[in-house]
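All remarks here apply to the structure that follows.
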Amino acid sequence: MEALSHTVGPTVAPLRPKRPLRWNWNGFSSVLVQSKKNHPSGICRSAADEISQSARASGLDFNDPDWKSKFQSDFEKRFSLPHITDIFRDATPIPSTFCLRMRTPVTEDFADGYPSDEKWHGYINNNDRVLLKVINFSSPTSAGAECIDRDCTWVEQWVHRAGPREEIYFKPEEVKAAIVTCGGLCPGLNDVIRHIVITLEIYGVKNIVGIPFGYRGFCDKELTEMPLSRKVVQNIHLSGGSLLGVSRGAPTVSEIVDSMEERGINMLFVLGGNGTHAGANAIHNECRKRRMKVAVVGVPKTIDNDILLMDKTFGFDTAVEEAQRAINSAYIEAHSAYHGIGIVKLMGRSSGYIAMHASLASGQIDICLIPESPFNLHGPNGVLRHLKYLIETKGSAVVCVAEGAGQSLIKKTNATDASGNIVLGDVGVLIQQETKKYFKEIGVPIDVKYIDPTYMIRACRANASDGILCTVLGQNAVHGAFAGFSGITVGLCNTHYAYFPIPEVISYPRAVDPNSRMWHRCLTSTGQPDFI
Ligand SMILES: Nc1ncnc2c1ncn2[C@@H]1O[C@H](COP(=O)(O)OP(=O)(O)O)[C@@H](O)[C@H]1O
Ligand SMILES: O=P(O)(O)OC[C@H]1O[C@](O)(COP(=O)(O)O)[C@@H](O)[C@@H]1O
Ligand SMILES: [Mg+2]
């Protein structure tokens with residue numbers, strides 16, 4: 001085997017030896033098993049149990065000398081992209097109207113046939129692949145190891161490369177494309193809308209509409225679709241939010257598809273998170289059932305960064321950058337006060353990515369609390385005792401907490417929002433109140449400042465790196481639809497762009513691995529102990 005370059009990081013004992021080491025093994029799905037909560041089965045088992053049970057469940061026998069090729073062929077099947085020819089067997093492609101060498105003016109019609117450039121193959125070949133996992137873990141005890149078998153055998157896992165194909169399955173003049181944005185706001189939504197519209201026009205599509213206020217816009221008679229063109233979207237990326245509006249809750253899938261049929265929509269671009277993608281996949285399946293020649297393509301939008309398999313989702317970098325402003329304010333308040341304590345609550349329902357990254361980026365956080373790493377507030381190892389230590393030794397402290405952290409410490413209400421998401425208890429307020437109570441009890445004066453910048457962060461305009469990410473994702477969404485794929489989404493994968501079948505990226509929320517190098521880096525930065 002060829003020598004691989006070494007990864008950077010400590011080769012000695014892990015930073016936090018108190019935490020039990022457990023290798024991550026999840027049979028066929030080869031995903032991180034991060035904690036009891038994040039394991040799709042919800043069961044916490046020993047590694048040996050996991051191997052035997054998961055192997056049984058997947059039918060994978062590691063004594064079989066062919067287990068690796070069986071794994072790979074199963075993987076290839078799972079990641080193959082649904083295509084309209086699965087249903088319309090005789091659908092014949094035409095040469096792409098997305099000319100890579102010479103742009104076709106939007107006003108020109110295609111009376112003389114579609115322009116094509118047969119000499120230069122700047123297109124993506126359908127067999128191009130992107131490598132999903134790029135670290136060859138030598139042992140299950142390596143930080144963040146994702147292993148398939150007990151020996152952590154290296155198995156290549158390839159996903160489909162995104163981009164324009166040489167042949168397309170829709171004639172631009174027959175396309176009615178619709179764009180819908182669902183769920184909460186996220187920086188970059190307008191950038192993605194803009195690039196979908198611009199790219200559609202370059203293919204030659206003239207009928208492009210926006211569906212107002214998420215899935216609701218399909219069925220609310222008071223809401224009319226918004227005609228879109230390069231002219232309309234030219235400057236929309238200069239402000240945050242969504243030109244089309246967003247909403248939670250939805251009509252039924254069948255009502256949405258009825259509405260699509262009525263409107264003659266045959267390309268649907270869906271910008272949203274896990275809920276939206278579940279909806280998009282259901283729409284795709286319903287269209288197939290009705291034998292509608294429709295391409296449904298998602299672009300993952302979530303500030304929480306909780307979509308599986310992608311380096312990051314758009315808006316995340318901007319959110320981290322913006323979160324730092326709140327952290328810096330909390331830091332200044334805390335440091336300017338006598339015994340000041342700053343508390344900042346950041347988004348992240350089930351994933352602590354924003355809190356972790358903002359803490360790392362700012363370098364001003366003493367305690368970072370995320371849903372993936374349980375903690376006690378009270379007791380000898382609790383957060384409050386450490387805050388007392390910080391006040392005694394540093395004179396001030398700053399806490400960053402993700403909204404989904406510490407939910408076991410808060411009384412559950414069982415309330416859900418319109419989309420069915422659990423309404424979380426306010427952990428920021430809890431920490432604020434308990435901190436005040438604790439210091440009052442021990443007779444130490446403190447000055448607590450609590451900042452919840454949630455909606456300020458979400459409403460921001462995308463920063464430069466997100467702007468580029470949105471541009472590429474928006475363009476690739478259109479290329480995917482024209483290539484005839486449906487029920488897919490697009491994401492950044494090891495710095496390349498890939499298409500994924502929707503179910504693979506939303507089977508459960510992506511979460512921070514408490515055994516990962518990144519979380520350990522964060523702990524190194526804050527200097528916080530275990531809080532259990
Ligand atoms: N399992 C599902 N099937 C179909 N539609 C869903 C599903 N979950 C959520 N949705 C719809 O997707 C939209 C967005 O979902 P939501 O959870 O609010 O945001 P996000 O997509 O950001 O996770 C809502 O209109 C919601 O009704
Ligand atoms: O107040 P809202 O609109 O329900 O949004 C709150 C939620 O939005 C988020 O920022 C993102 O959630 P979505 O990805 O589901 O839109 C969550 O972290 C947070 O719980
Ligand atoms: Mg969601």
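In listed order, ligands and their atoms are each counted from 1. These numbers come from the heavy atoms of this one structure, side chains and all, not from hydrogens, waters or symmetry mates.
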Item to check | Atom indices of ligand 1, in the order listed, that fall short of 4.0 Å to a heavy atom of G273 | outcome: 20 (P), 21 (O), 22 (O), 23 (O)
Next on the checklist: Quick check: do V205 and V478 have side-chain heavy atoms less than 4.5 Å from each other?
Outcome noted: no
Checklist entry - Closest non-hydrogen protein atom to atom 21 (O) of ligand 1, residue and atom name please, with distance? => result T276 OG1, 2.4 Å
Next on the checklist: Here's a test for you: under side-chain hydrogen bond (donor to acceptor under 3.5 Å, both in side chains), which of D306, N305, D304 qualifies with T302?
Outcome noted: D306
Checklist entry - Ion pair present between R290 and D258, side-chain N to carboxylate O less than 4.0 angstrom? => result yes
Checklist outcome for this item: The option among G184, S419, G214 carrying the non-hydrogen atom nearest to atom 18 (O) of ligand 1 is S419
Checklist entry - At what distance is the nearest protein heavy atom to atom 1 (N) of ligand 1, and which residue and atom is it? => result A278 CB, 3.5 Å
Next on the checklist: Quick check on contacts: which atoms of ligand 1 are under 4.0 angstrom from a heavy atom of N421?
Outcome noted: 16 (P), 17 (O), 18 (O)
Checklist entry - Quick one: which of V399, V401, V398 gives a side-chain contact (heavy atoms from CB on, under 4.5 Å) with I365? => result V398
Checklist entry - List by chain and number: which residues place a heavy atom under 4.0 Å from ligand 2? => result G183, G184, R248, K301, T302, I303, D304, M347, G348, R349, E403, Y455, R458
Checklist entry - Is it true that E174 and K293 make a salt bridge, defined as a side-chain N closer than 4.0 Å to a carboxylate O? => result no
Next on the checklist: Going by the rule salt bridge (Lys or Arg N to Asp or Glu O under 4.0 Å), which residues pair with D366 if we only count those two or more places apart in sequence or in a different chain?
Outcome noted: K394
Item to check | Contact with ligand 1 for G249, non-hydrogen, under 4.0 angstrom | outcome: yes
Checklist entry - Among protein heavy atoms, which lies nearest atom 7 (C) of ligand 1, and at what distance? => result G275 O, 3.5 Å
Checklist entry - What pair of heavy atoms forms the shortest contact from D191 to G467, and how long is it? => result OD2-CA, 3.8 Å
Checklist entry - By ring-ring contact (aromatic ring centres under 6.0 Å, His included), which residues pair with H195, not counting sequence neighbours? => result none
Next on the checklist: Around atom CD1 of I422, are there more than 12 heavy atoms from other residues, nucleotides or ligands closer than 6.0 Å?
Outcome noted: no
Next on the checklist: Within the supplied structure, the quantity of interest is the number of heavy atoms (other residues, nucleotides, ligands) at a distance under 6.0 Å from E76 CD; does it exceed 12?
Outcome noted: no
Item to check | Any N274 heavy atom less than 4.0 Å to ligand 1 | outcome: yes
Next on the checklist: Before you tell me yes or no, could you show the steps for F531 and L369 under side chain to side chain contact (heavy atoms under 4.5 Å, CB included), namely the whole-Å CA-CA distance, both residues' side-chain angles and the distance that decides it to 0.1 Å?
Outcome noted: CA-CA 10 Å; F531 293 118; L369 303 170; 4.0 Å; yes
Checklist entry - Considering distance alone, does some N or O of G183 sit under 3.5 Å from an N or O of ligand 1? => result no
Item to check | Worked verdict on H83 versus Y169 for ring-ring contact (aromatic ring centres under 6.0 Å, His included) | outcome: CA-CA 10 Å; H83 195 268; Y169 283 83; 4.6 Å; yes
Checklist entry - Which atoms of ligand 1 sit under 4.0 Å from any heavy atom of G279? => result 3 (N), 4 (C), 5 (N)
Checklist outcome for this item: ligand 1 to K301, heavy atom cutoff 4.0 Å, flagged ligand atoms 22 (O)
Checklist entry - Looking only at side chains, do T454 and R458 share a donor and an acceptor under 3.5 Å apart? => result no
Checklist outcome for this item: Total protein N/O/S atoms sitting under 2.8 Å from the Mg ion (ligand 3), waters ignored, is 1
Item to check | Enclosure of R216 CZ (heavy-atom neighbours >12, cutoff 6.0 Å) | outcome: no
Next on the checklist: With side-chain contact (heavy atoms from CB on, under 4.5 Å) as the test, pick out the partner of C522 among H357, Q528, M356.
Outcome noted: M356
